[in-house]
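Report on the structure given below.
Index from 1, following the sequence. Being a predicted model, the structure only gives us computed values, none of them experimental. Ligands are counted one by one from 1 in listed order, and the atoms in each one are counted from 1 as well.
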Amino acid sequence: MVDYPFLTSAPGKVILFGEHSAVYNKPAIAAALSLRTYLLVTKNDDPADEHIHLEFPDIGLSHKWKKSQLPWNLTTHEQGIPPASEELNAELVDGLTPLLTTISSPLHYTAAYCFLYLFVSLCNNSVESGVTFTVRSTLPIGAGLGSSASISVCLASGFAYIGGHIKEASLEKSSKIVKDSDECKFIDAWSYMGEKCIHGNPSGIDNAVATHGGAVMFQRMTNSMPSVRTSMRNLPSINLLLTNTKTPRRTADLVSNVARIVNDFPKTTGCILESLEAIAREAYNLMVRPFLDPESKQRLMELIRINHGLLVSLGVSHPNLERIKLYCDELKIGETKLTGAGGGGCAITLLHDDYDTEAYEKLLKKFDDNGFETFKTTLGGKGVGLLTKPQAELLEYMTVESFINFNDTNEIENSIGCGSIDSWKYW
Ligand SMILES: Nc1ncnc2c1ncn2[C@@H]1O[C@H](COP(=O)(O)OP(=O)(O)OP(=O)(O)O)[C@@H](O)[C@H]1O
Ligand SMILES: C[C@@](O)(CCO)CC(=O)[O-]
Ligand SMILES: [Mg+2]
């Protein structure tokens with residue numbers, strides 16, 4: 001029996017090399033961020049409440065469904081982990097459609113669709129009504145930092161916990177554990193289905209990083225083989241600047257546009273995808289060395305520039321991303337590439353060791369003038385976490401209202417954040 005309220009949390013990610021080519025089964029490198037999404041699960045005391053409530057204030061979405069109206073008969077709850085190749089359950093997708101007709105914005109629709117798909121799949125009909133699922137994120141949403149995967153992981157882990165598919169997380173996840181826990185495998189596989197609801201054809205890299213944390217080289221395989229995730233334990237300390245253009249875009253649109261180009265220009269794009277693979281492999285070899293010597297660092301910088309150029313050729317840049325690159329080039333600050341799906345969202349700049357601090361100040365001013373936002377964050381953080389009552393006193397008085405009313409990301413992080421409360425448990 002689950003003791004309400006409880007919280008789950010998962011990190012965003014930054015892709016260093018290999019976005020988009022990851023969808024075509026090429027290797028890519030990504031690391032978890034310290035920016036995270038948090039899901040609060042509460043139960044009210046009203047016995048007459050027959051609803052399940054969703055509160056997604058970050059995107060302005062509040063909704064509820066009568067529990068008895070959900071298509072419970074369209075799932076098989078014995079199914080456990082879905083195979084890597086599994087498509088969304090078409091009958092369930094059809095069964096959910098009438099429940100989403102009043103939601104018109106695509107941003108809201110995909111979030112609610114992901115919520116319902118995972119909820120009906122993972123919680124069974126005996127789940128209590130009067131439960132509210134409230135999500136807050138310290139990540140920018142739709143900006144290339146894996147917000148969709150981190151919400152999918154929060155939902156999949158929360159529902160799997162309620163549905164009894166996974167057992168309690170433990171307070172100390174030993175850094176010596178090399179094998180993935182069954183719980184993490186379960187959450188990874190189901191959050192992948194959540195990502196499918198949000199953007200159709202995900203590679204699985206974002207949800208893998210949001211589940212397991214750390215830094216990885218990831219490659220999706222063909223023919224139903226499970227993806228390969230190679231942990232990169234001692235990532236060299238690289239000085240990265242993360243800049244958000246704040247230009248909105250949807251990963252789903254960018255991924256489907258690349259699919260069209262790949263289809264229309266198979267030979268040309270085949271070569272581009274192979275080049276992207278070579279870049280990720282060389283970057284991996286450079287980054288797993290114990291020490292990044294100046295020559296290796298220089299090569300890494302050049303790989304960043306080449307990677308960005310190839311992404312431009314696939315049509316996933318944006319004038320604002322090019323502006324970031326232009327300013328960094330002009331002021332000789334470092335090499336820049338877009339990160340995530342592109343089309344807006346964020347860019348990363350690997351800083352030269354000897355960049356001029358005055359030039360750096362000028363750069364920040366230019367970014368500010370353009371309405372861009374820079375982030376300080378650390379790479380390689382923890383994966384999916386759980387906060388439950390006996391350990392966390394704050395849950396005694398945490399309400400949906402207080403959670404929604406956190407003013408900003410600092411307040412969220414300081415009040416409940418994985419970085420500030422050490423009673424978070426990890427699977
Ligand atoms: N905090 C949140 N609250 C509600 N919905 C969210 C939240 N975070 C993400 N989403 C859902 O995820 C969608 C954004 O996902 P999308 O894949 O387009 O961008 P991203 O994951 O931020 O970037 P990328 O996929 O390039 O890393 C939103 O439209 C919304 O449906
Ligand atoms: C664009 C993409 O490669 C990364 C999005 O963060 C899509 C994916 O791999 O699922
Ligand atoms: Mg996404």
Side-chain angles (χ1 to χ4, degrees), residues 9-30 32-33 35-40 54-63 100 103 105-115 133-155 191-192 194-210 218-220 227 242 244 246-259 273 276 280 307 311 314-316 321 338-348 403-404 406 409 412:
S9 171
K13 58 83 224 219
V14 62
I15 297 186
L16 300 172
F17 296 96
E19 48 276 272
H20 287 290
S21 51
V23 175
Y24 299 88
N25 303 340
K26 305 294 187 197
I29 297 174
L33 287 171
L35 303 168
R36 303 179 69 95
T37 299
Y38 295 91
L39 165 71
L40 173 69
L54 166 161
E55 295 291 341
F56 289 173
D58 294 338
I59 59 165
L61 175 65
S62 170
H63 212 88
L100 295 162
I103 303 178
S105 130
L107 192 98
H108 289 176
Y109 190 95
T110 45
Y113 172 36
C114 171
F115 172 88
F133 297 87
T134 313
V135 168
R136 292 295 311 266
S137 190
T138 63
L139 282 158
I141 294 161
L145 301 184
S147 71
S148 62
S150 69
I151 190 175
S152 295
V153 169
C154 286
L155 294 173
S191 56
Y192 182 54
E195 276 278 81
K196 284 192 181 188
C197 295
I198 295 178
H199 73 79
N201 184 19
S203 64
I205 187 170
D206 292 5
N207 55 281
V209 173
F218 175 97
Q219 186 167 16
R220 182 164 80 170
S227 307
L242 191 54
N244 186 1
K246 297 207 192 149
T247 307
R249 86 300 173 281
R250 288 175 64 228
T251 297
D253 299 335
L254 291 143
V255 168
S256 65
N257 206 34
V258 171
L273 295 173
L276 287 166
N307 195 153
L311 288 168
L314 290 176
V316 295
L321 288 166
L338 68 86
T339 186
C346 290
I348 50 173
F403 194 58
I404 289 179
F406 285 136
T409 57
I412 298 177

Subject >> Minimum-distance protein heavy atom relative to atom 4 (C) of ligand 2 >> reply: Ile15 CD1, 3.6 Å
**OP:** Decide whether Thr37 and Ser137 meet the rule of one side-chain donor and one side-chain acceptor closer than 3.5 Å.
**Re:** yes
Subject >> Closest protein heavy atom to atom 5 (C) of ligand 2, given as residue, atom name and distance to 0.1 Å >> reply: Asp206 OD2, 3.4 Å
**OP:** Flag Thr110 as yes when one of its N or O atoms lies below 3.5 Å from any N or O atom of ligand 1, and as no otherwise.
**Re:** yes
**OP:** Would you check whether His199 has a nitrogen or oxygen atom less than 3.5 angstrom from a nitrogen or oxygen atom of ligand 1?
**Re:** no
Subject >> N/O separation below 3.5 Å, Arg136 to ligand 1 >> reply: no
Subject >> Partner of Ile151 by side-chain contact (heavy atoms from CB on, under 4.5 Å), out of Val135, Leu39, Asp58, Ile59 >> reply: Val135
Original post:
Would you say Pro140 and ligand 1 have an N/O pair spaced under 3.5 Å apart?
Top reply: no
Original post:
With a 4.0 Å heavy-atom cut-off (strictly under), which part of His199 contacts ligand 2: side chain, backbone, both or neither?
Top reply: side chain
Original post:
Considering only the protein, which heavy-atom contact is closest to atom 10 (O) of ligand 2, and what is its distance?
Top reply: Ser203 N, 2.9 Å
Original post:
Any N or O on Ile141 sitting closer than 3.5 Å to an N or O of ligand 1?
Top reply: no
Original post:
Do ligand 1 and Ile59 have nitrogen or oxygen atoms that lie under 3.5 Å from each other?
Top reply: no
Original post:
Within the structure, does Arg250 bring an N/O atom to less than 3.5 angstrom of an N/O atom in ligand 1?
Top reply: no
